[in-house]
Amino acid sequence: MEQPPTGGAGARVLVVDDDPTVAEIVTGYLDRAGYVVDRAGDGPDALARAAAHRPDLVVLDLMLPGMDGLEVCRRMRGQGPVPVIMLTARGDEDDRILGLEVGADDYVTKPFSPRELVLRVGSVLRRVRPVADPPADGSGVLRAAGLTVDPEARRVLKDGAEAALTVREFDLLAFFLAHPGRAFAREELMRDVWGWDFGDLSTVTVHVRRLRGKVEDDPARPRLIRTVWGVGYRFDPATTEEG
């Protein structure tokens, strides 16, 4: 039997899956890795447990009876930011994209290795406090085009107003601000922001679209996060008009 990774350091993880066998295996691996684990078998139970003890991360099955994982994710987001890893059926690309659209930070396809899931949990939680490349003034706070990104506080301001970003959206924006004017392929963003050497590149596309919706004045005509055709994306803080 493969051994689970360690390093949970007491972080609270809520596992939501109506399959008791899957839930038990995942819970066992997370518990042995040092996490405090709560379990729920359906959407209402998950929301009640999250309200009683706010988790640091949620492992959420998409195909739940009654209230599905998408609706559970939406409602949890309504209660405040929390990282979510969605469990989806293999090959269900539409479901994966929908999960990302409602704010899931990562996804794992069934059947999956419990050890891989524990590694994904650790990766997402580590990114709650990423180390961004500091600006020249040494403050650690990134500023450009009316945006202020504070990696220590995990806080983003747009024209002085706080913007609510998911874990991955925050990481992506911080990365763009730390590397203005440089074009990145989606493969590079997946490696440098997600920490994956391979994966579904639509994950990057969906997160860029969601991020534009939160930081662009007109997401349909983005001026900050530009598409570089045939390459990927570039952050242009000095751009003042669509080119």
Side-chain angles (χ1 to χ4, degrees), residues 1-77 79 81-128 166-168 190 194-200 202-203 206:
M1 180 178 178
E2 58 182 354
Q3 294 300 309
T6 58
R12 182 178 293 274
V13 178
L14 175 60
V15 176
V16 187
D17 199 307
D18 64 312
D19 185 329
T21 300
V22 172
E24 184 175 350
I25 292 172
V26 170
T27 297
Y29 268 75
L30 289 169
D31 180 70
R32 289 193 294 276
Y35 296 97
V36 176
V37 187
D38 290 334
R39 282 173 55 179
D42 57 38
D45 188 19
L47 294 173
R49 289 178 181 275
H53 299 285
R54 191 68 177 169
D56 297 299
L57 181 142
V58 180
V59 176
L60 177 61
D61 185 25
L62 179 64
M63 299 300 293
L64 293 172
M67 185 189 302
D68 65 17
L70 296 175
E71 182 60 25
V72 174
C73 188
R74 288 190 190 98
R75 296 194 186 191
M76 282 191 177
R77 292 291 188 200
Q79 297 173 357
V82 59
V84 174
I85 296 179
M86 195 78 79
L87 304 180
T88 68
R90 183 177 296 279
D92 246 344
E93 182 177 355
D94 289 344
D95 285 344
R96 292 200 301 271
I97 291 175
L98 278 173
L100 295 170
E101 289 281 13
V102 300
D105 298 283
D106 200 349
Y107 67 86
V108 175
T109 55
K110 292 182 176 181
F112 57 86
S113 160
R115 190 175 190 277
E116 178 195 354
L117 177 58
V118 174
L119 290 171
R120 292 287 185 95
V121 168
S123 173
V124 172
L125 286 173
R126 281 193 301 275
R127 287 183 175 275
V128 171
T166 67
V167 172
R168 296 295 190 187
M190 179 163 283
W194 275 257
W196 303 351
D197 290 324
F198 60 90
D200 185 351
S202 64
T203 299
V206 170

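All values below come from the heavy atoms of this structure, side chains included, with hydrogens, waters and symmetry mates left out.
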Original post:
Are side-chain heavy atoms of Tyr29 and Leu117 found at a separation under 4.5 Å?
Top reply: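 Result no, sub-4.5 Å side-chain heavy-atom pair not found.
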Original post:
Are side-chain heavy atoms of Thr88 and Phe112 found at a separation under 4.5 Å?
Top reply: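 No, every pair of side-chain atoms sits at 4.5 Å or beyond.
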Compare every heavy atom of [Y] with every heavy atom of [X], then report the nearest pair and how far apart it is.
X      : Y     : value
Val72  : Ala46 : CG1-CB, 4.4 Å
Gly69  : Met86 : O-CE, 4.3 Å
Gly41  : Leu64 : O-CD2, 4.3 Å
Val82  : Pro55 : CG2-O, 3.5 Å
Pro114 : Ile25 : CG-CG2, 3.6 Å

**OP:** Please list, chain by chain and in numerical order, all residues satisfying side-chain hydrogen bond (donor to acceptor under 3.5 Å, both in side chains) with Asp45, sequence neighbours excluded.
**Re:** Arg49
**OP:** For Leu47 and Met67, run side chain to side chain contact (heavy atoms under 4.5 Å, CB included): C-alpha distance rounded to whole Å, both residues' side-chain angles, the deciding distance at 0.1 Å, then the answer.
**Re:** CA-CA 11 Å; Leu47 294 173; Met67 185 189 302; 3.8 Å; yes
**OP:** Report the C-alpha distance between Asp18 and Asp42 in whole Å, list the side-chain angles of each, state the deciding distance to 0.1 Å, and finish with yes or no for side chain to side chain contact (heavy atoms under 4.5 Å, CB included).
**Re:** CA-CA 6 Å; Asp18 64 312; Asp42 57 38; over 6 Å; no
Original post:
Got a sec, which residues hit salt bridge (Lys or Arg N to Asp or Glu O under 4.0 Å) with Arg12, two or more places apart in sequence or on another chain?
Top reply: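 Expected list: Asp38.
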Original post:
Taking only residues two or more places apart in sequence, or in another chain, which ones meet Asp17 in a salt bridge (Lys or Arg N to Asp or Glu O under 4.0 Å)?
Top reply: Lys110
Drop me the distance from [X]'s [atom1] to [Y]'s [atom2], to the nearest 0.5 angstrom.
X     : Y      : atom1 : atom2 : answer
Gln79 : Arg75  : CD    : CZ    : 9.5 Å
Met63 : Asp68  : CE    : CG    : 7.5 Å
Ile85 : Arg120 : CD1   : CZ    : 7.5 Å
Thr27 : Arg32  : OG1   : CZ    : 10.5 Å

**OP:** Applying side-chain contact (heavy atoms from CB on, under 4.5 Å) between Val58 and each of Asp105, Val15, Val16, report the one that passes.
**Re:** Val16
Original post:
Considering residues, nucleotides and ligands other than Glu24, do more than 12 of their heavy atoms fall under 6.0 Å from its CD?
Top reply: no
Subject >> Derivation of the side chain to side chain contact (heavy atoms under 4.5 Å, CB included) call for Asp56 and Tyr35 >> reply: CA-CA 10 Å; Asp56 297 299; Tyr35 296 97; over 6 Å; no
